[in-house]
Amino acid sequence: MSPFFESPAYQEAVARLEYALERRDRVAILTGAIGSGKTTLLEKWTTQQRRRGAIVVYLQTPGTFEHDFLWDLAIQLQANVGLATTPPELWFAIREQLAAFVLEQRSVVIVVDHVEEIARETADILLTLARLHCGGQTSATLVLAVDSQDLASFDTRLTKLADLKIELEAWDAGDVAAYTEAYQAAHPETKLELDSAAIEAVSRYSGGLPRVISQILDLSRLATEASQSPAVTPETVEAIREELL
């Protein structure tokens, strides 16, 4: 299992999400390349928010039908609904719950991951939420995660409402070196030796993407076990990159 590593980019993105909640922003957009760690960040951040007493909705299936999306939203908002509840009834229950949380002065965070897969009818739901129930005195903030390559084609009605856009940056060679140490600590049974040239190769071939870096180290570990040599060279990394491609 790959260890979790709080890179400076991760810490900066979390700080900006916290800032969005503090300001009670209506919409915050988290963006980054595929494999940059957006989902991991959101999973850990939403867990922290729940521990602090916030009402957190975390939706990862924006491509679902209107009824399913509304039902999931209502359930996570703790509304009293069932599978047979109609969309108008779901909307009513959602509005009632959000109004109740305002009276209780409870913070509400609605996170939608993989929003680049969103269906038009789901975008309409999010637009209604953002316009009527997020920002200002409502204590609710809508956080949308979208791959950076899809941001330009994303629904402009939602992007225009965004108060903050957060870019999750790729790791640099220093981050890769720090992560490699954490990785080795998580796998003490296998020793990896990466000098500065090998670290630079991992950084370059991975594009600084945590998911790819982890894959490279996983395959490097297998390679060193097979060769019975702990040394990972730039040539090893290049061969692994070719395999991944």
Side-chain angles (χ1 to χ4, degrees), residues 1-18 28-48 58 60 111-117 143-152 154 165-245:
M1 181 179 294
S2 299
F4 172 66
F5 173 63
E6 285 195 17
S7 68
Y10 174 95
Q11 295 171 352
E12 174 65 19
V14 167
R16 298 192 70 189
L17 282 171
E18 298 284 355
I29 293 178
L30 174 67
T31 185
I34 297 174
S36 60
K38 297 185 296 299
T39 295
T40 298
L41 183 153
L42 290 173
E43 288 174 348
K44 293 187 175 297
W45 181 69
T46 52
T47 297
Q48 292 174 346
Y58 188 15
Q60 293 183 282
V111 176
V112 185
D113 198 2
H114 303 295
V115 79
E116 66 275 356
E117 302 169 7
V143 178
L144 306 176
V146 56
D147 291 337
S148 54
Q149 58 266 44
D150 297 310
L151 186 59
F154 182 57
K165 189 182 83 170
I166 304 163
E167 177 78 24
L168 186 55
E169 301 288 346
W171 292 358
D172 60 21
D175 298 327
V176 174
Y179 176 74
T180 300
E181 292 182 5
Y183 184 94
Q184 296 217 74
H187 299 281
E189 73 284 358
T190 304
K191 184 173 177 59
L192 292 177
E193 293 181 358
L194 286 83
D195 60 16
S196 59
I199 291 291
E200 181 60 38
V202 173
S203 178
R204 182 171 66 256
Y205 292 138
S206 67
L209 298 177
R211 183 188 302 171
V212 182
I213 293 166
S214 180
Q215 291 172 335
I216 290 175
L217 292 182
D218 284 343
L219 291 173
S220 295
R221 184 158 57 92
L222 294 175
T224 58
E225 288 174 351
S227 66
Q228 298 184 335
S229 171
V232 178
T233 66
E235 291 74 23
T236 304
V237 176
E238 184 173 2
I240 289 172
R241 171 180 175 270
E242 295 297 326
E243 183 174 337
L244 289 174
L245 291 176

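Position 1 is the first residue of the sequence, and the numbers go up from there.
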Next item on the list: Could you go through the side chain to side chain contact (heavy atoms under 4.5 Å, CB included) check for Ile216 and Val237 one step at a time?
Entry: CA-CA 7 Å; Ile216 290 175; Val237 176; 4.2 Å; yes

Checklist line | Steps toward side chain to side chain contact (heavy atoms under 4.5 Å, CB included) verdict (Glu193, Val232) | finding: CA-CA 6 Å; Glu193 293 181 358; Val232 178; over 6 Å; no

Next item on the list: Decide side chain to side chain contact (heavy atoms under 4.5 Å, CB included) for Gln48 and Lys44; before the verdict, give the C-alpha distance in whole Å, the side-chain angles of both, and the deciding distance to 0.1 Å.
Entry: CA-CA 6 Å; Gln48 292 174 346; Lys44 293 187 175 297; 5.5 Å; no

Margin query: Apply side chain to side chain contact (heavy atoms under 4.5 Å, CB included) to residues Val176 and Leu194 and explain how you reach the verdict.
Written below: CA-CA 11 Å; Val176 174; Leu194 286 83; over 6 Å; no

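Here Ser203 pairs with nothing under the side-chain hydrogen bond (donor to acceptor under 3.5 Å, both in side chains) rule; sequence neighbours left out. Listed by chain and residue number, nothing satisfies the salt bridge (charged side-chain N to carboxylate O under 4.0 Å, His left out) test with Glu235 (two or more places apart in sequence, or in another chain). Not a single ring pair (Phe, Tyr, Trp, His ring centres under 6.0 Å) links Tyr58 to another residue, sequence neighbours left out. By the ring pair (Phe, Tyr, Trp, His ring centres under 6.0 Å) test, Phe5 is found to be paired with Trp171, residues two or more places apart in sequence or in another chain being considered.
Contacts classified as salt bridge (Lys or Arg N to Asp or Glu O under 4.0 Å) and involving residues 31-40 (residues at least two apart or in different chains) are given here: Lys38-Asp147. Listed by first and then second residue, the salt bridge (Lys or Arg N to Asp or Glu O under 4.0 Å) pairs that reach into residues 170-192 are Glu189-Arg221, sequence neighbours excluded.
Panel note: side chain Gln184, backbone Leu192; a donor-acceptor pair is recorded below 3.5 Å.
For the side chain to side chain contact (heavy atoms under 4.5 Å, CB included) with Asp113, the qualifying choice from Thr46, Leu42, Leu30 is Leu42, the only one to do so. Each of Tyr183, Tyr179, Tyr10 was compared with Phe4 under the ring-ring contact (aromatic ring centres under 6.0 Å, His included) criterion, and only Tyr10 meets it.
Put simply, CG on Leu222 and CD1 on Ile240 are 8.5 Å apart, with the number rounded to the nearest 0.5 Å. In this structure, CG on Leu168 lies 11.5 Å from CZ on Arg16, to the nearest 0.5 angstrom. Taken from OG1 in Thr233 to CG in Asp195, the straight-line distance is 8.5 Å, to the nearest 0.5 Å.
Thr31 approaches Ser148 most closely through the heavy-atom pair OG1-CA, 3.1 Å. Glu167 and Gly32 get closest at one heavy-atom pair: OE2-CA, 3.9 Å. Shown here for Glu116 and Val146, the closest heavy-atom pair between the two residues is OE1-CA, 3.4 Å. Here the shortest heavy-atom pairing between His114 and Gln60 reads CD2-O, 4.2 Å. Shown here for Ser206 and Ile213, the closest heavy-atom pair between the two residues is OG-CG1, 3.2 Å. Annotation for Pro210 and Gly35: closest pair CD-O, 3.2 Å, computed over non-hydrogen atoms.
Between Leu144 and Phe154, the closest side-chain pair of non-hydrogen atoms falls below 4.5 Å. Within the 4.5 Å cutoff, side-chain heavy atoms of Arg211 are placed close to those of Ile34. Between Ile29 and Val115, every side-chain heavy-atom pair lies at or beyond the 4.5 Å cut-off.
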